[in-house]
Colleague: 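Take this structure, written in structure tokens, and hold onto it; I'll ask about it next.
Chain A is the first sequence line, chain B the second, and so forth, proteins listed ahead of strands; every chain is numbered from 1.
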Amino acid sequence: MNLEKKIKSGISEALKSQFGLEDQTETIQLQPTKKEFEGALTFVSFPYTSKTKKAPEQIGETIGKFLKDNLEEVADFNVVKGFLNLVISDKTWLSIFSNSVLSEDFAVLPSNGKRVMVEYSSPNTNKPLHLGHLRNNFLGYSVSEILKASGYDVVKANLINDRGIHICKSMLAYQLWGNGETPQSSGLKGDHLAGKYYVLFDKEYKKEIDVLKGQGVEEEEAKKQAPLMKQAQELLLKWEEGDKEIVALWEKMNGWVYDGFNATYKTIGVTFDKFYYESNTYLLGKNIVEEGLAKKVFFKKPDGSVWVDLTSDGLDEKLLLRGDGTSVYITQDLGTADLKFQEYKAEKSVYVVGNEQDYHFNVLKLILKKLGKSYADGVYHLSYGMVDLPSGKMKSREGTVVDADDLVKEMLETAEARTKELGKIEGFSEEDLQALYKKLGLGALKYFLLKVDPKKRMLFNPEESIEFQGHTGPFIQYTYARISAILRKAKQLEVDYNKETFSSLGNLHPSEREGIVLMTKFPEKIQEAARNYAPSEIAQYIFDLAKAYNHFYGEVAIFSEENKAALSFRIAFSFAVAKIINRGMQLLGIEVPEKM
RNA sequence: GGUCCCGUAGCUCAGCUGGAUAGAGCAACUGCCUUCUAAGCAGUAGGUCUUUGGUUCGAAUCCAAACGGGAUCACCA
């Protein structure tokens, strides 16, 4: 039985024997004791004043005394107003440390036999990835790792949006102005090359709109009338008809883009188990439309278009099939949801998609429910906020984006500069150095994007956002490297830790106690982060742990310690912290260096 | 206009299902490297938690309204 449960049942017993209350185990709440007070766990007695008809202080005193007398874990207590602070004996902490924290399978949670699919990244193939995509990729990867750690069987999926009007825009611009340029001839990464023509299209398209507006055409109309737009739409039609030349161009340009994406994915260290291509799935969903019509969940309008009425759920009427029988975004997504379930039978399906699509996913889930799909309840939209720049929103078309590849490159350069500045790279090979810069640069970037609650939008200031000091990835990596140095030295000196000697230890240093308390919380943190789909909770936790260790490091000497048991314990303590930091950072997709 | 999200220190952010004197980091200021890595540690200063009501023994947290910011309400994806 774990400590909290033991104390709770102790309190429940106290309430029963001292005040005659029935079993309260379920309702008793314990919270961590605030730093200013002595103790580790706090019981709040206010809620029991009416039941016991006693003053909060008196309840605290009575229960505190009972626990101290009856539980060996409780060494002492103090009462401040309605707060009963419990001091747990160091012996208890040491026993938890050696039996639980140090055990091989600590924080290794058993499989829960459930499968979850996490779809993330899902890029358009007409332009390179930018900072917003990085947040998406890092979130998706990290959430997958966290779900795995909490016992799920995870399938990471990437639905590539490889067809549609946006790709045709790039293709058209390339046809018109590309002069047969290739990634090889231009030296541009494939996705950047495609992006270049997307931007070019938009520039020329805007000119055409302006000309039309000058001729007195309304803006909305001008957008439709512009010749470039009409040509792009023609391309799309030809593509759908299977026009050989167009399909070949599409395949060629998409090929370039995939090469580019794969290079970026490899650099930033994200992976997928399954790729879906929209060109294969965009016709799906029509059978769902049939099904919905048969079930009378959907209805047909006179022009033949198919709709669903969601007004009773506070939403609008939603189109599912155009009058000409072609499908729209939501139709495809319905089809894909069904396909995913048929293929993987996952109980949960997580979509890592920006919060601008909140409405879309509300509709999607609602329709699946109305159709009586068993998997509807498992659909979860992990809706994350945008990354804003000081100048406002990022827009690919207008080129006001922070490009992912550029940013990563910059991060590695900064990592290199910082490292050289500090001059601690003696004994590193050139290869080691490059690997280190990558760990640090990406660590800083990933941590920066993951430490914030996914749901919230965040600000990225290129000038000053990503630091290497303070609440950052490199701070945590540094702590790990520091501990690694200690463990290396311990090995060299052949100081091993021996659990048996811990019991002969006297008192723990407060910083050691704090560290142990934090470490015991790791498994529940993983569960909580999985439940909330929130890597930020892991990020925050690992930061707190690293901070606690550095505090310990400053206060307590290790190798000059003469008491063998204390020395042994501190090595074990350091080892355990390093292990958790490493594991926690893995859950964020961040690598950790032995030296830096 | 309807719906949804957000508003905490100069800046960027924590604050779990309501609990004690609201926490970190950056920036500012003080100290600490001949002793295990100073990308660190210790400390000072900085807050009417947007505002106003309400519920409660207790509200940054829950409810309502106002103000401010954002997203969305496409036969685009």
Side-chain angles (χ1 to χ4, degrees), chain A residues 29 31 33-37 42 44 46-47 49-50 56 80-83 85 122 124 161 163-167 278 282 303 305 307 314-316 318-324 326-330 332-333 354-360 362-363 383 385-386 388 392-393 415 418-419 421-422 424 440 444 448 451-453 455-461 464-465 467-479 481-490 493 524-525 528 531-532 534 536-537 539-540 543-544 546-547 549-561 570 574 595-596:
Chain A
Q29 304 242 344
Q31 49 186 290
T33 303
K34 290 231 166 198
K35 277 197 194 124
E36 310 88 84
F37 303 97
T42 292
V44 185
F46 290 113
T49 48
S50 58
V80 182
K81 292 186 276 186
F83 300 90
N85 302 318
S122 302
N124 291 357
N161 193 359
R163 58 123 249 151
I165 191 74
H166 46 285
I167 282 92
E278 206 198 280
Y282 82 107
D303 67 352
S305 58
W307 297 73
L315 304 175
D316 304 310
K318 183 84 187 166
L319 176 89
L320 296 167
L321 207 61
R322 297 187 186 102
D324 64 6
T326 57
S327 57
V328 292
Y329 180 38
I330 189 85
Q332 295 170 34
D333 253 14
N355 63 9
E356 71 272 16
Q357 293 201 33
D358 284 355
Y359 183 76
H360 172 77
N362 275 338
V363 171
S383 158
M386 289 189 210
D388 287 326
K393 217 177 136 176
R418 284 291 294 153
T419 305
E421 235 171 79
L422 294 169
K424 292 191 283 191
L440 295 178
F448 175 80
K451 75 175 176 185
V452 181
D453 182 345
K455 292 190 287 293
K456 294 194 178 170
R457 40 193 287 241
M458 61 185 292
L459 187 79
F460 178 82
N461 186 338
E464 57 193 47
S465 264
E467 306 270 349
F468 284 71
Q469 287 174 7
H471 189 185
T472 67
F475 167 84
I476 298 166
Q477 291 170 315
Y478 174 73
T479 308
R482 234 182 184 184
I483 299 176
S484 297
I486 285 172
L487 296 177
R488 277 196 300 274
K489 184 165 178 182
L493 298 176
E524 66 186 77
K525 275 292 167 198
E528 205 179 296
R531 204 172 52 242
N532 299 327
S536 57
E537 293 181 18
Q540 190 71 40
F543 174 69
D544 290 341
K547 228 177 141 36
Y549 186 83
N550 283 322
H551 177 65
F552 156 83
Y553 186 93
E555 298 257 326
V556 180
I558 298 178
F559 291 107
S560 58
E561 173 63 52
R570 286 171 198 165
S574 301
K595 291 182 190 174
M596 66 186 271

Colleague: What is the separation between atom CD on A/Glu356 and atom P on B/rA71, rounded to the nearest whole Å?
Modeller: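 About 10 Å, once rounded to whole Å.
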Colleague: Below 3.5 Å between N/O atoms, which protein atoms pair up with nucleotides 1-5 of chain B? Just atom names and distances, please.
Modeller:
none

Colleague: Scan A/Met386 against the nucleic acid and name what it touches under 4.0 Å (heavy atoms): base, sugar-phosphate only, or nothing.
Modeller: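 A/Met386: backbone/sugar contact only, no base atoms under 4.0 Å.
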Colleague: With sequence neighbours left out, what residues match A/Lys424 under salt bridge (charged side-chain N to carboxylate O under 4.0 Å, His left out)?
Modeller: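 Checked A/Lys424 against salt bridge (charged side-chain N to carboxylate O under 4.0 Å, His left out); zero matches.
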Colleague: Which nucleotide in the set B/rC36, B/rA77, B/rA39 lies at the smallest distance from any side-chain heavy atom of A/Thr419?
Modeller: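 That would be B/rA39.
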Colleague: I'd like the C1' distance from B/rA24 over to B/rC49, given in whole Å.
Modeller: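 To the nearest whole Å, 16 Å.
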Colleague: Report the residues that fulfil side chain to side chain donor-acceptor pair (under 3.5 Å) with A/Tyr553, sequence neighbours left out, ordered by chain and then residue number.
Modeller: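 A/Tyr553: no side chain to side chain donor-acceptor pair (under 3.5 Å) contacts found.
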Colleague: With rounding to the closest Å, how many angstrom separate the C1' atoms on B/rG40 and B/rU35?
Modeller: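 Comparing C1' positions in B/rG40 and B/rU35 gives a spacing of 16 Å.
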Colleague: Name all residues meeting the side chain to side chain donor-acceptor pair (under 3.5 Å) criterion together with A/His360; count only those two or more places apart in sequence or in a different chain, and write none if there are none.
Modeller: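 Checked A/His360 against side chain to side chain donor-acceptor pair (under 3.5 Å); matches are A/Asp333.
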Colleague: By the 4.0 Å heavy-atom rule, please label A/Ser383 as base, sugar-phosphate, or nothing.
Modeller: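 Nothing: the residue A/Ser383, judged by heavy atoms under 4.0 Å, touches no strand.
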Colleague: Distance between the P atoms of B/rU3 and B/rC41, in whole angstroms?
Modeller: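 These two P atoms come out 48 Å apart once rounded.
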Colleague: Using whole Å, what does the distance between atom P of nucleotide B/rG25 and atom CG of A/Asp544 come to?
Modeller: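 The distance from CG of A/Asp544 to P of B/rG25 comes to 10 Å, rounded to the nearest Å.
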Colleague: Reckon A/Ala557 touches a base, only the sugar-phosphate, or nothing at all at heavy-atom distances under 4.0 Å?
Modeller: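 It contacts base atoms.
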Colleague: If you look at every strand shown and take non-hydrogen atoms under 4.0 Å, does A/Val556 touch a base, only sugar-phosphate, or nothing?
Modeller: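 A/Val556: base contact, heavy atoms under 4.0 Å.
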Colleague: When we call it a touch if two heavy atoms are under 4.0 Å apart, what does A/His551 touch: a base, just sugar-phosphate, or nothing?
Modeller: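 A/His551: backbone/sugar contact only, no base atoms under 4.0 Å.
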Colleague: Just confirming the chi classification of B/rC49, syn or anti, using 90° around 0 as the syn window.
Modeller: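 Anti, since the glycosidic angle lies more than 90° from 0.
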Colleague: If we ignore hydrogens and angles and just use 3.5 Å, is the side chain of A/Arg322 paired with the main-chain N or O of A/Ser305 as donor and acceptor?
Modeller: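 No; zero donor-acceptor contacts below 3.5 Å.
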Colleague: At under 4.0 Å between heavy atoms, how does the protein contact nucleotides 11-24 of chain B? Give one character per nucleotide, 5' to 3', with B, S or -.
Modeller: -SSS----BBS--S
Colleague: Can you tell me how far C1' of B/rU37 sits from CG of A/Asn550, to the nearest Å?
Modeller: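 Value for this atom pair: 10 Å.
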Colleague: For atom C1', what is the distance between B/rU17 and B/rU61, given to the nearest Å?
Modeller: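 After rounding to an integer number of Å, I get 10 Å for this pair.
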Colleague: With sequence neighbours left out, write down each residue that passes side chain to side chain contact (heavy atoms under 4.5 Å, CB included) with A/Asn550, or none if nothing qualifies.
Modeller: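 A/Asn550 satisfies side chain to side chain contact (heavy atoms under 4.5 Å, CB included) with A/Phe475, A/Thr479, A/Arg482 only.
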Colleague: Identify, with sequence neighbours excluded, every residue that meets side chain to side chain contact (heavy atoms under 4.5 Å, CB included) alongside A/Phe552.
Modeller: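 Expected list: A/Ser511, A/Glu512, A/Tyr549, A/Val556, A/Ile558, A/Arg570, A/Phe573, A/Ser574.
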Colleague: Whole-Å distance between B/rA77 P and A/Leu319 CG?
Modeller: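 From A/Leu319 CG to B/rA77 P: 10 Å.
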Colleague: In whole angstrom, what separates A/Gln469's CD from B/rA39's C1'?
Modeller: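 Atom CD in A/Gln469 sits about 5 Å away from atom C1' in B/rA39.
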Colleague: Base, sugar-phosphate or nothing for A/Leu422? Non-hydrogen atoms, less than 4.0 Å.
Modeller: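 The residue A/Leu422 makes base contact.
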Colleague: Given atom CG of A/Asp324 and atom C1' of B/rC76, what is their separation to the nearest angstrom?
Modeller: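 Rounded to whole Å, this separation is 14 Å.
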Colleague: List in chain and number order the residues that pass salt bridge (charged side-chain N to carboxylate O under 4.0 Å, His left out) with A/Glu524, two or more places apart in sequence or in another chain; answer none if no residue qualifies.
Modeller: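 A/Glu524 satisfies salt bridge (charged side-chain N to carboxylate O under 4.0 Å, His left out) with no other residue.
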Colleague: To the nearest angstrom, how far is A/Phe552 atom CZ from B/rA42 atom P?
Modeller: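 Result: 14 Å.
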Colleague: So, is A/Arg482 near the phosphate of B/rC41, with a side-chain N or O under 4.0 Å from OP1 or OP2?
Modeller: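 Checking A/Arg482 against B/rC41: no side-chain N or O falls below 4.0 Å of OP1 or OP2.
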Colleague: Given the ring of A/Phe559, does A/Lys489 sit roughly above its face, with NZ or CZ under 6.0 Å from the centre of the six-membered ring and within 45° of the axis?
Modeller: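 So A/Lys489 does make the cation-pi contact.
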Colleague: Roughly how far apart, to the nearest Å, are B/rC57 and B/rA66 at atom C1'?
Modeller: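 Per the computed distance, 29 Å lies between those C1' atoms.
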Colleague: Side chain to side chain contact (heavy atoms under 4.5 Å, CB included) with A/Glu467: which residues, sequence neighbours excluded?
Modeller: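 Per chain and number, A/Glu467 pairs via side chain to side chain contact (heavy atoms under 4.5 Å, CB included) with A/Thr472.
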Colleague: For the side chain of A/Ser327 and the backbone of A/Tyr282, is there at least one donor-acceptor N/O pair under 3.5 Å apart?
Modeller: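 Checking the backbone N and O of A/Tyr282 against the side chain of A/Ser327, a donor-acceptor pair under 3.5 Å is found.
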Colleague: Of the options B/rG40, B/rC76, B/rA77, whose atoms approach the side-chain atoms of A/Ile165 most closely?
Modeller: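 Minimum distance to the A/Ile165 side chain belongs to B/rC76.
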Colleague: List the residues meeting salt bridge (charged side-chain N to carboxylate O under 4.0 Å, His left out) with A/Asp358, not counting sequence neighbours, and say none if there are none.
Modeller: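 Scan of A/Asp358 (salt bridge (charged side-chain N to carboxylate O under 4.0 Å, His left out), adjacent residues dropped) gives none.
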Colleague: Between B/rC75 and A/Asp303, counting only base atoms on the nucleotide and side-chain atoms on the residue, is there a donor-acceptor pair under 3.5 Å?
Modeller: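 Indeed, a donor on one side and an acceptor on the other fall under 3.5 Å apart.
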Colleague: Side chain of A/Lys451, backbone of A/His471: donor and acceptor closer than 3.5 Å?
Modeller: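 Yes, the answer is positive, given that a donor and an acceptor are paired below the 3.5 Å cut-off.
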Colleague: Taking only residues two or more places apart in sequence or in another chain, which ones pass side chain to side chain contact (heavy atoms under 4.5 Å, CB included) with A/Asn124?
Modeller: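 Applying side chain to side chain contact (heavy atoms under 4.5 Å, CB included) to A/Asn124 gives A/Asn126, A/Lys127, A/Asn161, A/His166.
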Colleague: Between B/rA45 and B/rC29, how far apart are the two C1' atoms, rounded to whole Å?
Modeller: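 Roughly 8 Å separates the two C1' atoms.
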Colleague: For A/Gln357 and A/Phe468, find the nucleotide of RNA chain B closest to each by heavy atoms; which residue's nucleotide sits nearer the 5' end?
Modeller: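 Per heavy-atom nearest nucleotide, the more 5' residue is A/Phe468.
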Colleague: Pick the closest RNA chain B nucleotide for A/Arg418 and for A/Asn124 by heavy atoms, then say which residue is nearer the 5' end.
Modeller: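 By nearest-heavy-atom nucleotide position, the 5'-most residue is A/Arg418.
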Colleague: Using atom C1' in both nucleotides, what's the gap between B/rG19 and B/rU52 to the nearest angstrom?
Modeller: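 Taking atom C1' in both B/rG19 and B/rU52, they lie 24 Å apart.
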Colleague: Roughly how far, to the nearest 0.5 Å, is the CG atom of A/Asn532 from the NZ atom of A/Lys455?
Modeller: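 Output value for this atom pair is 6.5 Å.
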Colleague: Counting any heavy atom closer than 4.0 Å, what does A/Glu555 reach on the DNA or RNA strands: base, sugar-phosphate only, or nothing?
Modeller: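 No contact.
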Colleague: Please measure how far the C1' atom in B/rG69 lies from the corresponding atom in B/rU50, and state the result in whole Å.
Modeller: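 Looking at atom C1' only, B/rG69 and B/rU50 are 11 Å apart.
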Colleague: From CD of A/Gln477 over to P of B/rG40, roughly how many Å is that when rounded to an integer?
Modeller: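 Whole-Å distance recorded here is 12 Å.
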Colleague: Tell me, what's RNA chain B's dot-bracket, Watson-Crick or G-U with both distances under 3.5 Å, | for other-strand, [ ] crossing?
Modeller: (((((((..((((.....[...)))).(((((.......))))).....(((((..]....))))))))))))....
